[in-house]
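Starting off with a structure, shown below.
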Protein chains: 2
Amino acid sequence: MPKIVAERSDVIPSLAEIFREYGFDGASLSTITEKTGLGKGSLYHFFPGGKEEMAAAVLGEIDEWFATQVFEPLRSADDPRSAITSMCSSVAGYFRSGRRVCLIGAFALDNVRNRFSDRVRDYFAEWRGALASALERAGCPERDALALAEETVVAVQGALVLARALDEPEVFERTLERIQSRLIAATGGDEQR
Amino acid sequence: MPKIVAERSDVIPSLAEIFREYGFDGASLSTITEKTGLGKGSLYHFFPGGKEEMAAAVLGEIDEWFATQVFEPLRSADDPRSAITSMCSSVAGYFRSGRRVCLIGAFALDNVRNRFSDRVRDYFAEWRGALASALERAGCPERDALALAEETVVAVQGALVLARALDEPEVFERTLERIQSRLIAATGGDEQR
DNA sequence: GTCTATATGGAGATAGAC
DNA sequence: GTCTATCTCCATATAGAC
């Protein structure tokens, strides 16, 4: 039985989709009221800091999702190899196989970056670091691990740009498959089958 | 002896830098007048269509630069291998080794994409197609050529996102070196030295 | 071509009733 | 917690003198 009365946390997913679709500057308060179904009164009740606080809340939720679903498993799983393949499917799911853009990547290229630069930087640094850690524990030499982790994050972000630009989600799917084979190969290939 | 009176084409490079720095929505007309040193009168004299026409002019100039400096050489050079290495250095120079973002990539992730979707799509499609053509002519099988061309454009765009997000231009430099070795390897490696 | 002044709309944000 | 009404400001764009 869903509550009629909204809670702050109920609104954040809608806000995320809105910012993804319109960008930070492009998402006006009227767009937001329309798409969320909430009036400005409610919006400012939940987010007294206005649009900036809304975006910060969205970024916070994204951070948290990746931290628990992706970064922590990569850093602490007993089996780093399976954490890596699991990362690939989580990421494919999260970005809807290339049909959804990365809000943090979009913010990174925008001028709003300056308002959220710490969060933007930490997100990518965490991802790269956590994946490198998993690769190392899976037997990859440190130098290779760092390079391959960076290559992976670069490929994911680039694929999202291209998939959106060309309106070809398959670019993302192909990229993710390619990178996954490379990650598997670097952690000992098929030998453990 | 520089002319005092501005010409339309003189303004476009400044506009490009402004859109790169502030984004389309983030670049207000007051920002633009301030940074270009031109009043609104002059701006609307050159670009009667306003900001949208300014952005279109910038995109047109970028298109043209890439067409003549990168795409055409890739498609028609007698020596496709050297056209490929030359692409890498042109691209490194153009993006200032990762300190400059790709405006078209940024537009692709933004909602302004909808206003310029044809140009955005064509730019990336052209790049991927031209590079694939050069790879094929350099002896790469068609399937591999397409995949590697796509991987290259993905890597460049992703590296620009990450370099900007992390404030680490080296990410771009490392990526470009890695991709260049891969391109060279795919066209026969060092054997022709 | 370039400027200043101005029109007009929509932006983000607030107030206060319910 | 949600609404409507309202405020202020700055956005884009225009007009017309020089």
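All of these numbers come straight from a predicted model, not from anything done at the bench.
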side-chain N/O B:Ser42 vs C:dC3 OP1/OP2, d < 4.0 Å: yes
Euclidean distance, atom CG of residue B:Leu38 to atom C1' of D:dT12 [Å, nearest integer]: 17 Å
Sugar-phosphate only, base, or nothing, as touched by B:Gly41 at under 4.0 Å among non-hydrogen atoms: base
Among C:dA11, C:dG1, D:dG1, the nucleotide that comes nearest once only the side chain of A:Phe46 is considered: D:dG1
Touch class at under 4.0 angstrom, heavy-atom based, for A:Lys40 against every strand present: base
Length of the line joining A:Lys51:NZ and C:dG10:C1', which is rounded to integer Å: 12 Å
Hphob cluster co-occupancy, A:Leu146 + B:Leu162, side-chain heavy atoms under 4.5 angstrom: no
Below 4.0 Å: OP1/OP2 of C:dA13 and any side-chain N or O of A:Tyr44: yes
Phosphate contact (D:dG1 OP1 or OP2) by A:His45 side-chain N/O below 4.0 Å: yes
Ring geometry between B:Phe116 and B:Phe107 (parallel below 30°, tilted from 30 to 60°, perpendicular above 60°): parallel
Nucleotide D:dC10, atom P - distance to CD of B:Glu34 in whole Å: 14 Å
Whole angstrom value for the distance that separates P of D:dC10 from CG of A:Asp25: 15 Å
Phosphate OP1/OP2 of D:dC10 contacted by B:Ser30 side-chain N/O (<4.0 Å): no
Interatomic distance, A:Ile18 CD1 vs C:dG12 C1' [rounded to whole Å]: 16 Å
For atom CZ of A:Arg115 and atom C1' of C:dG12, their distance in whole Å: 11 Å
Rounded distance in Å - CZ (A:Phe47) to C1' (D:dG1): 13 Å
B:Phe71 and B:Phe66 aromatic ring geometry - parallel, tilted or perpendicular at 30°/60° bounds: tilted
Pairing of B:Arg119 and B:Asp63 as salt bridge, 4.0 angstrom limit: yes
Residue of the set B:Trp65, B:Trp127, B:Phe172 for which ring-ring contact (aromatic ring centres under 6.0 Å, His included) holds with B:Tyr94: B:Trp65
Distance in angstrom units between B:Leu29 CG and C:dA11 P, rounded: 16 Å
